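Take a look at the structure below.
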Amino acid sequence: MNKRLLISLLLLVSLMQSNAQSVGLVLSGGGAKGMAHIAVIRVLEENNIPIDYIAGTSIGAIVGGLYAAGYSPDEMEELFKSDDFYFWSTGKMQREYRYYFKRAETEPTWITLRVAKKDEKLKVLPPTNIIPAEQMDFAFMELTAATSAACNYDFNKLMVPFFCVAADVNASEPAVLRNGDLGNAIRASMTVPLYFKPIEIDGRLMFDGGILNNFPTEYMKDIYKPDIIIGHKVADNAKAADPDDVMRQISNMVMRPTNFEIDPKDGILLETKFEDVGLLDFNKIDLAIQKGEQTALSAIDSIKNLVKRRVPQDEIDRKRSNFNARKPALYFQNIQIEGVEDPMQRQFIIQSIKHRSDIVALKDLKTEYFKLIADENLKSIQPITYYNPKSGYFDLHLKVELEKKFDVNFGGNLSTKPINQGFASFNYRSYHSRAYKLYSNLYFGRFYSSAKFGGRIDYSTRLPFYLSYYFTMNRWDYYASSTELFFENVRPPYIIQDELNMRLECGFPLGLHTKLSAGLAYSSADDRFYRAEDFEVRDTPDNSYFRAFVGHIGFENNSLNYKQYATEGSWKSIELRAVSGNESFESGTVGTKIGGRKIHHNYGIVSGKLLNYFELNNFITLGTHLEATASNKDLFKTYRSTKLSAPGFSPTPHSKSLFIEKFHSNNFLAGGLKTIFKISSDMHMRVEGYAFLPIKEELINEDLTAYRSSNFFENYYLQAAAALVYQTGVGPVSLSMNYYDKENTQLFVTLNFGYILFNKRGL
């Protein structure tokens with residue numbers, strides 16, 4: 001009996017030891033291809049294969065870290081497919097967080113170069129990252145702050161013990177991250193150089209771990225010593241770079257070779273290969289998951305033979321549920337600011353978040369955080385949380401980097417038409433108890449040239465407001481912009497508009513997307529033109545002058561996602577202007593000579609605009625565009641000067657580069673529809689059609705003066721456009737065909753890179 005008992009005990013111990021096999025899962029980097037890791041984890045769970053430890057680099061750190069934090073494969077897949085993930089992985093801003101009040105006047109900037117003084121020398125600092133980090137930083141905090149608290153900032157106490165690998169930039173060595181803030185660790189491991197801004201942890205600057213170790217199998221063996229390692233590789237081996245592939249060239253220079261092999265005595269290597277999934281092709285998640293599932297299922301028999309131990313799904317679900325139950329709710333109490341020396345600035349940032357509340361909920365924090373991000377005096381804000389078990393709330397630590405005092409911006413528009421223009425602006429800012437900004441810009445080109453000088457002061461009172469002043473000189477040369485590339489070159493009337501204005505304005509926010517503004521302006525407009533089309537080179541043009549003072553009050557709501565070729569959001573505005581000025585006229589050599597004294601004009605003008613985009617599905621968006629203008633403005637001395645001084649309707653970028661008299665009137669209704677076909681997240685095709693209805697239209701007499709139609713709606717005029725647009729991140733590339741209901745050339749085909757935008761007029 002004793003022998004039988006002894007044998008039974010030995011068999012039981014042997015069985016228990018075999019059942020106690022520990023398994024470590026290692027996930028490689030590889031960008032969007034790493035979404036296949038989710039499918040591998042799902043297949044392992046469904047087949048009751050245990051995951052006792054998990055580690056990863058880059059995208060492997062994201063998937064591995066989320067799994068260790070208690071996210072199921074289904075939840076991870078849902079997260080990667082969500083709109084939130086799209087926004088924080090691209091750096092684009094969700095509609096509900098676009099703070100319009102802080103937005104500067106629109107300009108055609110492509111790139112910003114910061115200027116800083118170092119070692120008694122001025123240095124130009126190029127951009128360090130393509131994708132803004134603020135969305136991503138907040139997302140990692142939101143996803144993992146409660147998890148870090150639940151594990152007491154020790155990654156061994158996560159649902160599954162975890163570590164990830166980052167690259168210490170200055171020491172040029174791998175950094176194994178096993179404790180601290182989980183979101184920061186993951187963020188460090190996936191910070192691809194040039195795409196994302198590096199992050200600092202414990203005084204060390206961190207980049208993507210894939211630079212030095214893209215598959216941390218050896219670290220898994222040394223740290224956790226599992227009996228079996230299951231590795232999943234999605235990373236490509238180094239490929240020869242093409243001469244034009246800058247990112248591949250940089251990648252090959254900085255990425256050290258990684259050993260992706262796993263010795264058969266240590267475990268098994270799974271490999272999923274892709275041919276057409278790029279680093280940031282996260283929209284191809286279905287393909288990645290399908291491929292990952294195929295890889296895991298094809299190897300599942302081998303895995304089962306290697307791993308004898310089984311863990312039922314309900315046991316995993318129970319373990320996940322118990323861990324998630326330990327996560328505290330995200331409420332924030334104490335706020336600390338790092339990187340800002342001025343105590344008034346620190347207090348302003350704190351009050352901007354807390355207002356009068358002692359406790360701040362996550363939803364409110366997110367809104368106020370992105371309001372601060374919109375402040376151009378703050379370059380970046382990184383949120384870090386610490387859980388206070390005594391209070392039950394989180395302390396919020398904001399690492400703030402102030403924007404450099406001086407920067408230079410470059411941009412403009414490149415076109416197959418003669419509407420090319422260059423752009424440069426210069427900003428100086430100072431940030432103390434209030435924010436000061438001095439600003440100047442230059443546009444230069446045949447069609448449009450301009451210079452602008454001014455500044456803005458932002459007051460951080462309970463109701464924030466700003467005061468701004470600008471002096472602007474504008475010139476439009478519509479003759480120079482008339483040549484057509486594919487159609488007959490019909491010589492149009494010669495028109496040059498020179499305008500000088502001085503504007504003083506104040507504004508207040510009314511919610512997230514809305515501001516109320518009021519101001520005074522002086523405008524001096526000089527228009528040179530020929531009244532008729534049959535002029536000769538030796539003829540001299542007419543000159544129409546209008547000197548006026550303008551008072552305005554306006555309400556504007558803007559949540560558009562792009563400043564040109566928007567595809568989402570809305571723009572609503574209504575503006576009331578009171579104008580008092582003198583018109584004078586000098587006749588040229590074409591047409592009957594017109595003389596006489598100056599004519600004084602006093603009038604009011606009300607204008608409104610409504611632009612909305614409605615997403616029907618993932619591929620089609622509809623847009624509506626409505627505009628209306630009403631005024632009691634008198635006619636000017638000639639038909640052409642009346643039209644030149646009248647408001648116009650230019651709903652498309654190309655229409656802003658033409659002066660078409662039929663689309664100008666002192667009173668009008670206009671509107672149209674847009675259909676947008678989404679090709680990818682950055683590329684779309686749009687088809688637009690519009691109608692313009694002048695009210696009591698200004699018409700031309702035989703003597704080339706103007707008269708008003710006796711009918712409310714004498715005529716209507718149409719315009720349309722079709723464009724293929726790609727948003728590059730620095731500016732849109734567009735191939736467009738534009739139609740206008742007018743004499744002579746009606747179709748215009750243009751290829752553009754950049755923005756057709758102008759400085760504001762005084763009127």
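None of these values were measured; they are calculated from a predicted model.
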Checklist entry - When you check the gap from the basic side-chain N to the acidic O, do Arg429 and Asp407 get nearer than 4.0 Å? => result yes
Next on the checklist: I want to check something: taking the side chain as every heavy atom from C-beta on, are Lys678 and Asn618 in contact at a cut-off of under 4.5 Å?
Outcome noted: no
Item to check | Min side-chain heavy-atom separation Tyr470-Tyr439 under 4.5 Å | outcome: yes
Checklist entry - Got Leu704 and Tyr530 here, is their nearest side-chain heavy-atom distance under 4.5 Å? => result no
Checklist entry - Would you call Ile496 and Asp527 a side-chain contact if the rule is heavy atoms closer than 4.5 Å? => result no
Next on the checklist: Between Arg475 and Asp477, does the salt bridge (charged side-chain N to carboxylate O under 4.0 Å, His left out) criterion hold? Intermediate values first, please.
Outcome noted: CA-CA 7 Å; Arg475 165 172 282 203; Asp477 183 346; over 6 Å; no
Checklist entry - Taking atom types as modelled, is there a side-chain donor on Thr705 or Asp703 under 3.5 Å from an acceptor on the other? => result yes
Checklist outcome for this item: Correct closest heavy-atom pair for Ser657 and Ile419 would be CB-CG2, 3.8 Å
Checklist entry - Any side-chain donor paired with an acceptor under 3.5 Å for Ser523 and Asn501? => result no
Checklist entry - side-chain contact (heavy atoms from CB on, under 4.5 Å) between Lys609 and His625: does it pass, once the steps are laid out? => result CA-CA 8 Å; Lys609 183 174 183 177; His625 187 138; 3.8 Å; yes
Next on the checklist: Between Phe555 and Leu510, is there a side-chain heavy-atom distance shorter than 4.5 Å?
Outcome noted: yes
Checklist entry - Mind checking whether Tyr690 and Lys674 have side chains closer than 4.5 Å, heavy atoms only? => result yes
Checklist entry - Do Thr624 and Phe614 come within less than 4.5 Å of each other through their side chains, counting heavy atoms only? => result yes
Item to check | Side-chain ion pair, Arg98 and Glu568, N-O less than 4.0 Å | outcome: yes
Checklist entry - Taking all non-hydrogen atoms of both residues, which atom of Lys656 and which atom of Ser650 are closest, and how far apart? => result NZ-O, 2.8 Å
Item to check | Donor-acceptor side-chain pairing of Tyr86 and Lys92 below 3.5 angstrom | outcome: yes
Checklist outcome for this item: Residues Lys633 and Ala646: closest non-hydrogen pair is NZ-N, 4.0 Å
Checklist entry - Looking only at heavy atoms, what is the nearest atom pair of Gln719 and Pro651, with distance? => result OE1-CD, 3.5 Å
Checklist entry - Quick one: do the Asn474 and Tyr448 side chains pair a donor with an acceptor below 3.5 Å? => result yes
Checklist entry - Going by the angle between their ring planes, with limits at 30° and 60°, are Phe549 and Tyr522 parallel, tilted or perpendicular? => result tilted
Checklist entry - Do the rings of Phe101 and Tyr99 sit parallel, tilted or perpendicular, given the 30° and 60° boundaries? => result tilted
Checklist entry - Would a 4.5 Å heavy-atom cut-off, applied to side chains only, mark His513 and Arg95 as touching? => result yes
Next on the checklist: If you compare all heavy atoms of Pro464 against all heavy atoms of Pro509, which two are closest, and at what distance to 0.1 Å?
Outcome noted: O-CD, 3.0 Å
Checklist entry - Can you list the steps and then say if Arg708 with Glu714 is a salt bridge (charged side-chain N to carboxylate O under 4.0 Å, His left out)? => result CA-CA 10 Å; Arg708 284 197 175 93; Glu714 180 84 8; over 6 Å; no
Item to check | Aromatic ring proximity Phe636/Phe546, centre distance under 6.0 Å | outcome: yes
Checklist entry - Would you say the side-chain atoms of Tyr100 and Glu556 include a donor-acceptor pair closer than 3.5 Å? => result yes
Checklist entry - Got a sec: does the CH2 of Trp571 have more than 12 other heavy atoms crowding it under 6.0 Å? => result no
Next on the checklist: Students often mix this up, so state it plainly: with edges at 30° and 60°, are the rings of Phe668 and Phe692 parallel, tilted or perpendicular?
Outcome noted: tilted
Item to check | Derivation and outcome, side-chain contact (heavy atoms from CB on, under 4.5 Å), residues Leu626 and Asn612 | outcome: CA-CA 9 Å; Leu626 299 173; Asn612 264 315; over 6 Å; no
Checklist entry - Taking everything shown except Phe619 itself, do over 12 heavy atoms lie less than 6.0 Å from its CZ? => result no
Checklist entry - Looking at Lys452 and Glu107, does any basic side-chain N land under 4.0 Å from a carboxylate oxygen? => result no
Item to check | Residue pair Ile131 / Gly91: nearest heavy atoms and the distance that separates them | outcome: CG2-N, 3.6 Å
Item to check | Residues Lys102, Glu376: salt bridge by 4.0 Å N-O rule | outcome: no
Item to check | Straight-line distance of Leu693 CG to Leu718 CG, nearest 0.5 Å | outcome: 9.0 Å
Checklist entry - Within a reach of under 6.0 Å around OH of Tyr459, are more than 12 heavy atoms found that belong to other residues, nucleotides or ligands? => result yes
Checklist entry - Centres of the Phe508 and Tyr466 rings: under 6.0 Å? => result no
Checklist entry - Run the side-chain contact (heavy atoms from CB on, under 4.5 Å) check on Thr629 and Ile605 step by step: do they pass? => result CA-CA 7 Å; Thr629 294; Ile605 181 169; 3.7 Å; yes
Next on the checklist: Can you see whether Tyr97 engages Glu134 through a side-chain donor-acceptor pair at a distance of less than 3.5 angstrom?
Outcome noted: no
Checklist entry - Under a 4.0 Å N-O cut-off, is there an ion pair linking Arg547 with Asp526? => result yes
Next on the checklist: Can you confirm if the aromatic rings of Tyr740 and Phe748 lie within a centre distance of less than 6.0 Å?
Outcome noted: yes
Expected list for residues 754-763: side-chain donor-acceptor pairs under 3.5 angstrom, two or more places apart:
from	atom 1	to	atom 2	distance (Å)
Asn759	OD1	Asn441	ND2	3.0
Asn759	ND2	Asn441	OD1	3.0
Asn759	ND2	Ser450	OG	2.8

Next on the checklist: Set out, in order, the CA-CA distance, both residues' side-chain angles and the distance that settles side chain to side chain donor-acceptor pair (under 3.5 Å) for Asn409 and Thr112, then state yes or no.
Outcome noted: CA-CA 4 Å; Asn409 303 278; Thr112 297; 2.5 Å; yes
Checklist entry - Does Tyr443 have its ring centroid less than 6.0 Å away from the ring centroid of Phe423? => result yes
Checklist entry - Going by distance alone, is a donor N or O of one side chain under 3.5 Å from an acceptor N or O of the other, for Glu698 and Asn666? => result yes
Item to check | Check against side-chain contact (heavy atoms from CB on, under 4.5 Å), Phe471 and Leu500 | outcome: CA-CA 8 Å; Phe471 173 83; Leu500 176 151; 3.7 Å; yes
